[in-house]
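Data first, discussion second: the structure below is written as structure tokens.
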Amino acid sequence: MKVKVLSRNPDDYVRETKYDIQRVPRNYDPTLHPFEVCREYTQALNSTKLDRVFAKPFLASLDGHRDGVNCMAKHTSSLSTLLSGSCDGEVKVWNLTKHECVRTLQAHEGFVRGMVVRHCGTSFFTVGDDKTIKQWKMEAPGYGEEEEPLNTILGKTVFTGLDHHQKDAVFATCGQQVDIWDEQRSSPIRSFTWGVDSFSAVRFNPVETELLASCASDRSIVLYDMRESAPLKKVIMTMRSNTLCWNPMEAYHFTCSNEDYNLYTYDMRYLDRPMTVHMDHVSAVLDVDYSPTGKEFVSASFDKTVRIFPKENGHSREVYHTKRMQHVICVKWSADNKYILSGSDEMNIRLWKANASEKLGVLAPREKQASNYSQKLKEKFQHHPQIRRIARHRHLPKNIFHESKELRIMKEARRRKERNVRKHSKPGAVPVVSEKEKHVVTVVK
Amino acid sequence: MARATKKKASKKSDKKRSELTEEKVEEKVEVMYDDEDLNEDDENITSEEEEEEDERKHHKLLEAISSLGAKRKKTLGERSEAAVQMSEFTVTAEGERDRVDLSDLIGSMEKTPGVTSRTKKQLKNLQKDNKTIESPLSRQETDRIQRDVAFQKAATEVTKWKGVIKQNQRAEQLIFPLNREPSGPKPIERVVTSWKAHTPLEEEIFSLLHANKQPIHDPILTPAEEASMKAMSLEEAKIRRAELQKARALQSYYEAKARRARKIKSKAYHKVHNKAKRKEFLKQFDEMVKTDPAGALEELNKIEMARMQERMSLKHQNSGKWAKSKVIMGKYDLVARKAMQQQLEVNKDLTQKIVTSLNAEEEEEEEEGGDAEVLPDFVNDAEQAVDPSNPWMRGKLSEDPTEKDMIVDLTAEEAPRAAEEEEEEEEEVKEPEEEVLLREFDERRKQRQAQEAEAQITVEEEDDDEEEEEEDKAADEEEAELSAFTSLFREKAEAAADVTDTSAQLEEGLTRIRTLEDVELLSVPQEEAAADEAPLPPPPAENPPPEPQKREAAKPKKRKRAIELKEVLTKEPKVIQVPLAPTVEDAEDADEQLDQRGLIKEAFAGDDVVADFLKDKRKQEDAGKPKVVDLTLPGWGEWGGTGLKPSRSKRRRFRTKAVPPPPRKDQRLPSVIISENKNSAVRLHQVNSLPFPFQNHSQFESTIRSPLGRTWNTERTVKKNIKPKVVTQMGAIIEPMAREELLKDKRPAAGRGGRGGQGGRGGRGVDSQRRHIRDKRAEK
């Protein structure tokens, strides 16, 4: 008599070597795995909570400057190098991995106003309050050698900003006018003026490399083409823009940081209204820098916080602050999209993670998969109130919290008043002006 | 004189002034000179009239002048005062108007020979034109225009990036840095730019590699390998391989069969075989005359040669030793007589003159005598053509005749050679079956790819060739006169295939056709009738019988299957017919009823509402009540089996009564139903408004409903689901977008790696879900 017994083929469950992955037999019958939405929802909720638990963005503080950090520059070819210039004319070169200063030089008398690394990464330029442009070698001078600039250009007026062309040996400065310089010459090859006598920032477009934009003291943003003899166009806003930054992946988009606590993202072709108004800061925004992927940007504000905005969102996804950080003057997003650097009034440079809860270092494949999965879950359930509440919750310093609350109240009051006025006036007499249009005064051709 | 100078001066200074001012000044200025010295030239120019009038004055003046400054040197005319009008060419216009017009100048222009007609024309046009030229724009305005133009230029330039930007925004995944190098081994010239073989050993190795066409710079693939990679994809290769395998198997099968056939010693078999071949050949030959006359002529020559040889020799004349002995035996032995007869027949066959297409009628007669193939064909055709509208009939038409052939063959074959010939037939049938298969391959391949088809044809030909060889060997052993046919074996084989192609499905095919025809024939009129007249459905049982009966008579009796199918056939029409008629009626009835109901409802609206409501409420209450749960499992703790019931005590033990629910909220509210399904605890976790990118609730719900995790999805789907939107490489500097991206975007319009475009923003959720579902299905 043949007796039937349960039997399994060992090939189905025994590994050939111990390095093989354990074979897990799966049955995808949906009846065996019920409550999929509920289970995934719970997972999403948990991972959102864990995200907040692990959100420790602050990595390091680089101290050494003897005055407020006024400007910073990323190295173009080395991720671990950062340059910073302070208000006492000192320039420091930092090694970010070791968190230490590798070189200090007295570049200018008075403020170092602007700093930029040449595209090849072998030298950098600084401009200062002493009306000079100086070019320095990236390498430290050898033993016994004096710290001397490669080249010094004496200008007629104070320079307030500086930027270098993406590929050519050309750089631009701004001050009383916007100048384009050839590196080989001591006088500008081109000067742009348009009825303004003071510019605060100038930036080359990294994609369409011949274009520039500058922020002027008459509350305007002016566009230039290096090849033309005259500026292209300018937009005048209600308040002055401090700096601007071009999107490195999208040729015609730039964002400017404004004195009216907002940031504005413009399409260069349609200056009559910004694409997005980014609001969250409670004081003047001093600096802005795009992430190298062009998906987000970081802004530094006088309200002692650093905020990260998705480029198409009106509100920030992240706010960084510490007790000791004072007015943040300059901010940079590292070229590998992982870190943020902020230089502030109280002489420190701070290193932050761009993604607050991200685990740094190499991830195992399963770890990576798990994080991707939880990321997708969070995305999927982001509209659910519980998850949204936790994901959006941020602790803010008391003053900023109250300030933002106050601003909200003020805004609401203004809106209410406008609404009432409209209600009690002839129809069409008080037109509805959108938030985007409100901040643009005019476009000058 | 004085006036002349005055005018000269005024002309000069007037150049840039407007005409209006000019005129005024002219009127005013009468005497505006202080120098008395005058030129003789000026004098000459003045008009004669004037000269006459002023002659006296002039003389007087001259005298006065000469008396005044006799000592002074005569100097050229100098002017110390600004004059209004002055002409460069000292041309003055006197008279009422003091201006020089363009017309004055043009008069002289026409006389001068050097001026072209074109310029003359232009000048004329100018003269006619009364418009004044607009004054140039102010500097601010020109600047503004320049700026505007420059801006437009810049804007169009940046707009070129639009495609790239849009694509990146829609991309499911972006991998940074964008222009990363592909992983894996790199060509050496890319790694080391200036590397050369220096040592003799290196040089030797390189020369060897060169000689063998091995890759020197690119260590990945040899040129041959690369070519093969380009030639076909993996799947195609697999299909191709499978086909080749099958072809090879068939070939070996043929070989074995040929070997077997060769070993057959039966003379009768070979005789029949050869005869069949010859017959085939003759048939083939007729076609050949039409298609390939040259080849046919050659064959004809060969046959003629064979005939001549036969006529020359005494081989089949029954004059040899063997024949003589047979003659002796023949008186008593039937077999011997037959053998002799056959010898003579062979002789007759070979010596007979070949009939070509010129006298086709005779041939036809011959063929009819040989086997009756043509006649049944016609009969069948006639039969089939009964219902031309029937697609089934038309489809089967091609198959039918051969089936008939076979029937006729089977029935008409003479008794004596039946056994042997049947064997032969079977073989013949089988052999072409494989060829049919091969041909099928061929066709499929042709559909897939022209190249492949060619390749396969070559394979097939090889097969054929090999067969040919085998057959050749077999034929060598046979008699010499048949050699003429052997070279034509391929055509014969094809012809055989043609015959057997159709005869392969013989038995099943015939019956099936009949039944299907029947089905068609029977069902169509019935259905029509049913559709036309619902109340009078023709009785289905009465209709079918006559035709099948006829066919039964026609059919050979040995087939049982046909009869079975016929039974099915008689049933089928009923099945088809029955539902059709009543459904129409029903639908109409139902509509009417509904209408009536609606009418009644309308008429007596609000009659039953209270009762309905109460009923509803009771239903809800009942639904809310907890049910008794029975957890008894038969067979536990006692005997199991069919028909056994668990004991009452056990049932009582495992039957759990639920706790009565809390009182309903609408318990004391008689006219209200409050749903108990709403759960306030759950509501906390629910989305209360439709989130932004979604356009309706179903979209959003469907995205939520589809799980992402690996518990519910296969590994590959999960991988696809959880693909992050932005991937960055650790420690890699992400450069701003380079201009090369623009070029890359222009070249391939679609299908950049990892950047498939996706639908609009609204449908994205749904899209992804659909994709997800599709994947799931595919993997199942």
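Chain naming here is simple, since letters A, B, ... match the order of the sequence lines and numbering starts at 1 in each.
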Fill in: Reported CD-to-CG distance for the pair B/Q729 and A/D336, which is rounded to 0.5 angstrom
10.5 Å
Worksheet item: With distance as the sole test, does A/R269 use its side chain to make a donor-acceptor pair with the main-chain N or O of B/A155 at under 3.5 Å?
Response: no
Worksheet item: For B/L178 and A/M249, which heavy atoms make the closest approach, and how far apart are they?
Response: CD1-SD, 3.8 Å
Item to complete: Give, as side chain, backbone, both or neither, the part of B/A150 having an atom under 4.5 angstrom from any heavy atom of chain A.
Response: both
Worksheet item: If you count heavy-atom pairs under 4.5 Å with chain B, which of A/K295, A/R388, A/Q375 comes out on top?
Response: A/K295
Discussion item. Counting neighbours of CG on B/L631 that are heavy atoms of other residues, nucleotides or ligands and sit closer than 6.0 Å, is the number greater than 12?
Written reply: yes
Response to the item:
Note: B/D148 and A/K445 closest approach over all heavy atoms is OD1-CD, 3.6 Å
Discussion item. For A/T209, which atoms come within 4.5 Å of any heavy atom of chain B: side chain, backbone, both, or neither?
Written reply: both
Fill in: From B/L708 atom CG to A/L377 atom CG, the distance as rounded to the nearest 0.5 Å
5.5 Å
Discussion item. Using a strict threshold of under 4.0 Å (side-chain N to carboxylate O), is an ion pair present between B/R147 and A/E228?
Written reply: no
Worksheet item: So what's closer than 4.5 Å to chain B heavy atoms on A/S374: side chain, backbone, both or neither?
Response: neither
Discussion item. Test your reading of the model: is there a side-chain donor-acceptor pair from A/E40 to the backbone of B/G709, 3.5 Å cut-off?
Written reply: yes
Fill in: Nearest non-hydrogen partners of A/Y28 and B/N713, listed with the distance
CE2-O, 3.1 Å
Discussion item. Tell me if the CZ atom of B/R739 is crowded by more than 12 foreign heavy atoms within 6.0 Å.
Written reply: yes
Discussion item. Test your reading of the model: is there a side-chain donor-acceptor pair from B/K723 to the backbone of A/N372, 3.5 Å cut-off?
Written reply: no
Discussion item. Can you tell me which portion of A/L32 sits under 4.5 Å from chain B's heavy atoms? Options are side chain, backbone, both or neither.
Written reply: neither
Worksheet entry | chain B interface, residue from A/E312, A/M268, A/R39, A/E36 that has the most non-hydrogen pairs under 4.5 Å | A/E36
Fill in: Side chain / backbone / both / neither for B/Q152 at chain A, heavy atoms under 4.5 Å
neither
Discussion item. Let's go through B/I704 and A/V37 carefully: what are the C-alpha distance in whole Å and the side-chain angles of both, what is the deciding distance for side-chain contact (heavy atoms from CB on, under 4.5 Å) to 0.1 Å, and is it a yes or a no?
Written reply: CA-CA 7 Å; B/I704 292 297; A/V37 177; 3.8 Å; yes
Worksheet item: Checking heavy atoms, do the side chain of A/V444, its backbone, both or neither come under 4.5 Å from chain B?
Response: neither
Worksheet item: Looking at CZ of B/F692 and NE2 of A/H383, how far apart are the two atoms once the value is rounded to the nearest 0.5 Å?
Response: 10.0 Å
Worksheet item: Within a radius of less than 6.0 Å around NZ of A/K368, do more than 12 heavy atoms belonging to other residues, nucleotides or ligands occur?
Response: no
Discussion item. What part of A/K74 gets within 4.5 angstrom of chain B, counting heavy atoms only: side chain, backbone, both, or neither?
Written reply: neither
Discussion item. If we ignore hydrogens and angles and just use 3.5 Å, is the side chain of A/H384 paired with the main-chain N or O of B/H685 as donor and acceptor?
Written reply: yes
Practice prompt. Side chain from CB out, backbone as N, CA, C, O: work out which of these in B/T159 comes under 4.5 Å of a heavy atom of chain A, or both, or neither.
Written response: both
Item to complete: Side chain from CB out, backbone as N, CA, C, O: work out which of these in A/Q166 comes under 4.5 Å of a heavy atom of chain B, or both, or neither.
Response: side chain
Fill in: Contact class of A/Y290 relative to chain B, heavy atoms under 4.5 angstrom
neither
Worksheet item: How long is the span from the NZ atom in B/K162 to the CD atom in A/E250, to the nearest 0.5 Å?
Response: 13.0 Å
Fill in: Minimal non-hydrogen separation, A/D225 against B/A154, with atom names
OD2-CB, 4.4 Å
Worksheet item: Of all of A/S371, A/P206, A/S80, A/A230, which one pairs up most often with chain B through heavy atoms under 4.5 Å apart?
Response: A/P206
Worksheet item: Taking atom types as modelled and ignoring hydrogens, do the side chains of A/E208 and B/W161 form a donor-acceptor contact shorter than 3.5 angstrom?
Response: yes
Discussion item. For a quick test of reading the model, state the closest non-hydrogen atom pair linking A/L79 to B/A732 and the distance between them.
Written reply: CD1-N, 4.1 Å
Worksheet item: Under 3.5 Å, side chain of A/K376 to main-chain N/O of B/P724, donor-acceptor pair present?
Response: no
Discussion item. Can a donor-acceptor pair be found, under 3.5 Å and without considering hydrogens, that links the side chain of A/R26 to the backbone of B/T711?
Written reply: yes
Discussion item. Can you tell me if A/R227 has over 12 outside heavy atoms packed within less than 6.0 Å of its CZ?
Written reply: yes
Worksheet item: Got a second to check how far B/K719's NZ is from A/Y373's OH, nearest 0.5 Å?
Response: 16.0 Å
Discussion item. Taking side chain as everything from C-beta outward and backbone as N, CA, C, O, which of these in A/K311 sits under 4.5 Å from a heavy atom of chain B? Side chain, backbone, both or neither.
Written reply: side chain
Worksheet item: Heavy-atom distance under 4.5 Å to chain B: side chain of A/W194, backbone, both or neither?
Response: side chain
Item to complete: With side-chain contact (heavy atoms from CB on, under 4.5 Å) as the test, would you mind laying out the steps for B/T703 and A/K380 before giving the verdict?
Response: CA-CA 8 Å; B/T703 50; A/K380 182 182 168 187; 5.8 Å; no
Worksheet item: Hey, what do you get for CD1 (B/I733) to CG (A/N337), rounding to the nearest 0.5 Å?
Response: 12.5 Å
Worksheet entry | Region of B/K160 in contact with chain A, defined by heavy-atom distances below 4.5 Å | neither
Worksheet item: If every non-hydrogen atom of A/H33 is compared with every non-hydrogen atom of B/W712, which pair is closest and at what distance?
Response: O-NE1, 3.0 Å
Fill in: Heavy-atom pairs under 4.5 Å with chain B, option from A/Q43, A/K338, A/Q369, A/E210 with the top count
A/Q369
